[in-house]
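Take a look at the structure below.
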Amino acid sequence: MVVGIDTRPDSTGDIEIVARDVSDPACSADIVEELDDKQDGIDIWVNAAYPRTVDWGVEPGRESVDSWVQNVTLQLTANCTLSTAIATRMSKRERGSIINIASIYGLVSPDFTIYEGTEMGVPAPYSAIKGGLINHTRYLAGFFGSQGVRVNVLAPGGVEAGQPKEFVTAYCNRTALKRLAKPEDLVGPVVFLASDASAYISGICLPVDGGWTAI
Ligand SMILES: NC(=O)c1ccc[n+]([C@@H]2O[C@H](COP(=O)([O-])OP(=O)(O)OC[C@H]3O[C@@H](n4cnc5c(N)ncnc54)[C@H](O)[C@@H]3O)[C@@H](O)[C@H]2O)c1
């Protein structure tokens with residue numbers, strides 16, 4: 001899904017929602033063209049879609065080669081190629097901010113002890129995908145920086161979603177702030193990286209993790 005928000009000063013705040021499969025390269029090219037040709041072009045792009053295969057997470061650590069390949073394609077290649085297409089468009093107007101959503105698991109290993117006693121776990125490709133996304137963010141920041149395009153990435157920690165009690169207790173104990181993230185905890189960091197408040201920031205990975213990666 002792609003959500004378009006008119007951010008011009010005189011805008012009515014209208015939101016337009018367009019359903020698109022961002023993992024389909026042909027469709028991605030169409031989305032970029034379609035959205036960029038509207039109004040004054042794309043100023044801000046947040047890659048928050050999370051396409052994955054049906055077997056994602058079924059047997060963490062024992063993923064088949066097929067599953068690896070498909071998820072790298074869906075979650076990493078698609079994100080990177082879409083961002084590149086958008087940054088190319090933004091560069092023609094010499095302005096724009098792209099924000100990727102990675103994870104603390106793109107920065108550090110999962111702490112597997114917090115999943116003990118639950119059926120939860122972290123798929124091995126997740127760490128590879130998120131680590132790759134963080135460094136591709138730096139690549140794009142370097143490549144497009146001289147053309148006025150900023151590219152940054154958030155590394156969120158776990159978000160509250162009705163997880164088992166054992167996991168929640170172990171997870172919270174492992175963070176400095178002693179809690180999981182709430183979805184709204186991501187809003188401020190996205191607004192910051194989207195706005196001119198971060199005009200001199202590009203290529204960073206900002207953890208939004210309640211201090212998980214600090215301790
Ligand atoms: N939830 C967490 O605890 C957590 C923690 C760290 C990082 N993240 C990251 O945040 C991002 C979002 O995660 P989430 O938990 O909100 O996921 P989610 O599954 O709740 O939501 C993802 C969204 O992506 C959309 N989507 C899926 N496939 C798509 C496709 N092919 N094309 C377009 N849209 C598609 C879905 O419709 C959904 O709206 C992911 O990159 C995830 O890795 C999540």
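Both counts, for ligands and for their atoms, begin at 1 and track the order of listing. Numbers here simply count residues along the sequence, with the first being 1.
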Axial cation check for Phe144 ring with Lys92, 6.0 Å and 45° limits:
no
Does Arg174 have any salt bridge (charged side-chain N to carboxylate O under 4.0 Å, His left out) partners at least two apart in sequence or in another chain, and if so, which?
Asp111
Under 4.0 Å between heavy atoms, the region of Tyr105 that gets near ligand 1 turns out to be neither
Quick one: salt bridge (charged side-chain N to carboxylate O under 4.0 Å, His left out) partners of Lys182, sequence neighbours excluded?
Glu160
Is a donor on one side and an acceptor on the other found under 3.5 Å between the side chain of Asn152 and the backbone of Leu193?
no
Which is closest to atom 7 (C) of ligand 1 by heavy-atom distance: Ser23, Ala155, Ala102, Ala161?
Ala102
So is Val159 polar-close to ligand 1, meaning N/O to N/O under 3.5 Å?
yes
Please work out whether any backbone atom (N, CA, C, O) or any side-chain heavy atom from C-beta onward of Ala181 is under 4.0 Å from ligand 1, and answer side chain, backbone, both or neither.
neither
Ala48-ligand 1 polar pair, N/O distance under 3.5 Å
no
What do we get for Gln75 next to ligand 1 when only non-hydrogen atoms under 4.0 Å count, side chain, backbone, both or neither?
neither
Note: Arg150-Asp196 ion pair, threshold 4.0 Å (strictly below)
no
Should Arg52 be counted as touching ligand 1, given the test is an N or O pair under 3.5 Å?
yes
Answer yes or no: does atom CZ of Phe192 have more than 12 heavy-atom neighbours from other residues, nucleotides or ligands under 6.0 Å?
yes
